[in-house]
Asks: 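Take this structure, written in structure tokens, and hold onto it; I'll ask about it next.
By convention here, the first residue in the shown sequence is residue 1. Side chains included, hydrogens not; waters and symmetry mates left out as well; all remaining heavy atoms used.
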Amino acid sequence: MAKKLDANRIERERLKKQCVSHKEESRRQLHEAFESNRRGDRKVTVIPPVQLEESTNNVAPLRVAAYIRVSTQEELQMGSFEMQKQHFSEIIENNPRYKMAGLYCDEGISGTQVHNRACFQKMMKDAVDGEIDLILTKSITRFGRNIVDILTSLRTLDALSPPVPVIFETDNIDTSDGKDKLLISILSALAELESQQRSEAVKAGIRWRMQEGIYKFSLMNTLGYYRDYTGMVKIEPAESEIVHYIYDSFLEGASPQDIAEALTSQGIKSPKGVDFWRYGTICGILLNEKYCGDVLYQKTYTKDFLTHKSVRNKNILAQYHWENCHQAIIDRQCWETAQALFLEKGWGKSHSRLGDMRKRFVAAKAKTGALRGFYLLDTAWSKDEREQFINIITSLNELENS
């Protein structure tokens, strides 16, 4: 049996040790180590890492891609676009460690939405598929202007094995350096803010031109008008005949659906170039103030600068109705008569008369089999037409059951 311990002495020593602060003890040990080093009691030898000379013959070249984007098709931006392509082509081709993996170019496309940028999506897919080792781009604002999209894309590239870094040239940022992550987040937020401020400035300029009556309104799918090389609104003679036919027929008592069917049967193509005319297309032409030489500005507006989606202006923003802005196809008296008749008859997508609807729709009803009692709708009908037909059937069933 071992010698009996002196319990009293041991406990007294342990109690003294517990009274000493661990922090103070650590500080004391550090000071002792510093003093020992200064006295030369301990020596250290620094062994630097061996720098191996890389041989370009043995190292596979990096497959480098460049992403290039400009937001408009304007001449100044077009010059920037071509300069970026030339610049990054030279950088990749003149570097012996680089191999061209492709130039991914989105021209005239906003950076606020990834799904609108086909080349950006193609680049991301190629990177995920292991076809790209490095991406070069001019700046974060070229890479995108939506902070969520920018950071999500960079995280996707960083999570690959091996990661695919992105070098933002003018920002002097390499995403392979973890120290730049905070800076990337800040610059991404600033890029989105800059886009928002630019959007507000552009909208303010457009509204000012609307107030002054000098804004160049769109003529896309507007039958009978076009802009010449100077930007002036001109009448297209052949299409103006169609417009006259529509107004004359309407004033003679034909319904919008009658006119649509007549134009379709005559083989006249619609404003979008399709072979059949819709009820809503005729209504839109009859209600369009441009045909009497006027312009109503701000029928729609962009609600969100990120999505660029236009919505109907329903008493949200001021509208500007300018008269005699261009040559009229329909004289004002005829146009105003057509508006009064349209309002009197109650025609429109949501105000069609039941009698016209019964005449308009011809649908088969299944009498046998699993679909017995169901109506077979025409696949050429639009969504509005299908809804109107369903409302008619519902109304008829309610009348039968009452």
Asks: With the side chain counted from C-beta on, respond yes when Lys85 and Glu82 share a heavy-atom pair under 4.5 Å apart, and no when they do not.
Replies: yes

Asks: Taking atom CE as the centre, does Met232 end up with more than 12 heavy-atom neighbours from other residues, nucleotides or ligands that are less than 6.0 angstrom away?
Replies: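 No, CE of Met232 has 12 or fewer neighbouring heavy atoms, counting only those of other groups under 6.0 Å.
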
Asks: Ignoring hydrogens and geometry, is there a side-chain-to-backbone donor-acceptor pair from Ser139 to Thr170 under 3.5 Å?
Replies: no

Asks: On a heavy-atom basis, which atom in Met220 and which in Ser218 lie closest, and how many Å separate them?
Replies: N-OG, 3.2 Å

Asks: Quick check: closest heavy atoms across Leu103 and Ser89, and the distance to 0.1 Å?
Replies: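 Answer, listing the atom of Leu103 first, then Ser89: CD1-OG, 3.2 Å.
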
Asks: So how far is it from Leu134 CG to Asp174 CG, rounded to the nearest 0.5 Å?
Replies: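 Reported value, rounded in 0.5 Å steps: 7.5 Å.
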
Asks: Inspect the contact between Glu35 and Arg38 and indicate whether a charged nitrogen and a carboxylate oxygen are less than 4.0 angstrom apart.
Replies: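 Glu35 and Arg38: salt-bridged.
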
Asks: Just verifying a value: how many Å separate His321 NE2 and Gln298 CD, rounded to the nearest 0.5 Å?
Replies: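 Atom-to-atom, His321:NE2 and Gln298:CD are 14.5 Å apart.
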
Asks: Are the side chains of Ile184 and Leu151 in contact, using a 4.5 Å heavy-atom criterion?
Replies: yes

Asks: Salt bridge or not between Glu289 and Lys299? Use side-chain N to carboxylate O under 4.0 Å.
Replies: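 Salt bridge flag = yes for Lys299 with Glu289.
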
Asks: For the residue pair Pro61 and Pro96, what are the closest heavy atoms and their distance?
Replies: CB-O, 4.5 Å

Asks: Which atoms form the tightest heavy-atom contact between Glu239 and Glu236, and what is the distance?
Replies: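 Heavy atoms only, the tightest pair is N-OE1, 2.7 Å.
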
Asks: Check whether any side-chain N or O of Ser249 sits under 3.5 Å from a backbone N or O of Ile259 as a donor-acceptor pair, and report yes or no.
Replies: no

Asks: If I take atom CG from residue Asp149 and atom NE2 from residue His115, how far apart are they, to the nearest 0.5 angstrom?
Replies: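 That separation rounds to 8.5 Å.
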
Asks: Please check: side-chain N/O of Thr152 versus main-chain N/O of Val148, any donor-acceptor pairing under 3.5 Å?
Replies: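 Yes.
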
Asks: Kindly indicate whether the side chain of Arg227, heavy atoms from C-beta on, has any atom under 4.5 Å from the side chain of Phe217.
Replies: yes

Asks: Test your reading of the model: is there a side-chain donor-acceptor pair from Asn94 to the backbone of Glu90, 3.5 Å cut-off?
Replies: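 Yes; judged by distance alone, with no hydrogens or angles, the pair exists.
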
Asks: Would you mind reporting whether Ile173 and Ile167 have side-chain heavy atoms less than 4.5 Å apart?
Replies: no

Asks: With the side chain counted from C-beta on, respond yes when Ile68 and Lys138 share a heavy-atom pair under 4.5 Å apart, and no when they do not.
Replies: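 They are not in contact (no side-chain heavy atoms under 4.5 Å apart), so the answer is no.
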
Asks: Answer yes or no: are there more than 12 heavy-atom neighbours, outside Arg39 itself, under 6.0 Å from its atom CZ?
Replies: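 Buried by this count: over 12 neighbours within 6.0 Å.
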
Asks: What is the minimum heavy-atom distance between Cys119 and Cys105, and which atoms define it?
Replies: SG-O, 3.0 Å

Asks: Flag the pair Tyr225 / His326 as yes when their ring centroid distance falls below 6.0 Å, and as no otherwise.
Replies: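 Distance test on ring centres: under 6.0 Å, yes.
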
Asks: Go through the steps for Leu157 and Met124 under the test side-chain contact (heavy atoms from CB on, under 4.5 Å), then give the verdict.
Replies: CA-CA 8 Å; Leu157 295 172; Met124 292 296 296; 3.9 Å; yes

Asks: At what distance, to the nearest 0.5 angstrom, does OH of Tyr320 lie from CD of Gln211?
Replies: 3.5 Å

Asks: Kindly determine whether Arg142 and Glu169 satisfy side-chain contact (heavy atoms from CB on, under 4.5 Å), including the steps that lead there.
Replies: CA-CA 11 Å; Arg142 298 302 93 201; Glu169 188 179 60; over 6 Å; no

Asks: Looking at Gly293, is its backbone amide N or carbonyl O close enough to the side chain of Asn324 to form a donor-acceptor pair, meaning the two atoms are under 3.5 Å apart?
Replies: no

Asks: Could you tell me whether Asp133 and Arg63 have a side-chain N and a carboxylate O separated by less than 4.0 Å?
Replies: yes

Asks: Can you give the donor-acceptor pairs under 3.5 Å from side chains of residues 334-343 to other protein atoms, not counting sequence neighbours?
Replies:
from, atom 1, to, atom 2, distance (Å)
Trp335, NE1, Tyr247, OH, 3.3
Trp335, NE1, Asn288, O, 3.0
Thr337, OG1, Gln333, O, 2.8
Gln339, NE2, Leu286, O, 2.6
Gln339, NE2, Trp335, O, 3.3

Asks: Between the side chain of Ser240 and the main-chain N/O of Pro237, is any donor-acceptor distance below 3.5 Å?
Replies: yes

Asks: Check this for me, if you would: do Asp294 and Lys290 make a salt bridge, where the nitrogen-to-carboxylate-oxygen distance has to be below 4.0 angstrom?
Replies: no

Asks: Looking at side-chain heavy atoms only, is the closest gap between Thr137 and Arg69 below 4.5 Å?
Replies: no

Asks: Take His244 and Ile329 through the side-chain contact (heavy atoms from CB on, under 4.5 Å) test and state the conclusion after the steps.
Replies: CA-CA 8 Å; His244 278 291; Ile329 294 177; 3.8 Å; yes

Asks: If every non-hydrogen atom of Cys325 is compared with every non-hydrogen atom of Trp322, which pair is closest and at what distance?
Replies: SG-CB, 3.3 Å

Asks: Please determine which of Val243, Ile242, Asp248 meets the side chain to side chain contact (heavy atoms under 4.5 Å, CB included) test together with Ile246.
Replies: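 Looking at Val243, Ile242, Asp248, the match for Ile246 under the side chain to side chain contact (heavy atoms under 4.5 Å, CB included) is Ile242.
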
Asks: Could you walk me through whether Ser255 and Asp258 satisfy the side-chain hydrogen bond (donor to acceptor under 3.5 Å, both in side chains) test, starting with their C-alpha distance in whole Å, then the side-chain angles of each, then the deciding distance to 0.1 Å, before giving a yes or no?
Replies: CA-CA 5 Å; Ser255 70; Asp258 293 335; 3.0 Å; yes

Asks: Which is it for Leu263 and Ile282 under the side-chain contact (heavy atoms from CB on, under 4.5 Å) test, yes or no, and what are the steps along the way?
Replies: CA-CA 10 Å; Leu263 288 171; Ile282 301 299; 3.9 Å; yes

Asks: side-chain hydrogen bond (donor to acceptor under 3.5 Å, both in side chains) for Tyr67 and Gln84? Distances and angles first, verdict last.
Replies: CA-CA 9 Å; Tyr67 179 68; Gln84 288 184 60; over 6 Å; no

Asks: Would the Tyr104 and Phe120 ring centres measure less than 6.0 Å apart?
Replies: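 Centroid separation for Tyr104 and Phe120: 6.0 Å or greater.
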
Asks: I'd like to know if the side chain of Asp106 and the backbone of Ile109 have a donor-acceptor N/O pair within less than 3.5 Å.
Replies: no

Asks: Any sub-3.5 Å donor-acceptor pair from Asn95's side-chain atoms to Arg97's backbone N or O?
Replies: yes

Asks: Between Val274 and Lys269, is there a side-chain heavy-atom distance shorter than 4.5 Å?
Replies: no

Asks: Could you pull out all residues at least two apart from Phe168 that satisfy ring pair (Phe, Tyr, Trp, His ring centres under 6.0 Å)?
Replies: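 Listed in chain order: Phe143.
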
Asks: Is there a donor-acceptor pair closer than 3.5 Å between any side-chain N or O of Ser265 and the backbone N or O of Glu261?
Replies: yes

Asks: Quick one: pull up NZ in Lys272 and CG in Leu223 and give me the separation to the nearest 0.5 Å.
Replies: 13.0 Å

Asks: Would you confirm whether Asp126, through its side chain, and Glu131, through its main-chain N or O, come within 3.5 Å as a donor-acceptor pair?
Replies: no

Asks: Identify, with sequence neighbours excluded, every residue that meets side-chain contact (heavy atoms from CB on, under 4.5 Å) alongside Ile186.
Replies: Leu182, Leu190

Asks: Does any part of the side chain of Arg278, heavy atoms only, come nearer than 4.5 Å to the side chain of Thr281, both counted from C-beta?
Replies: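 With C-beta onward as the side chain, the pair touches.
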
Asks: I need the Asn116 CG to Gln121 CD distance, nearest 0.5 Å.
Replies: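 Those atoms lie 8.5 Å apart.
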
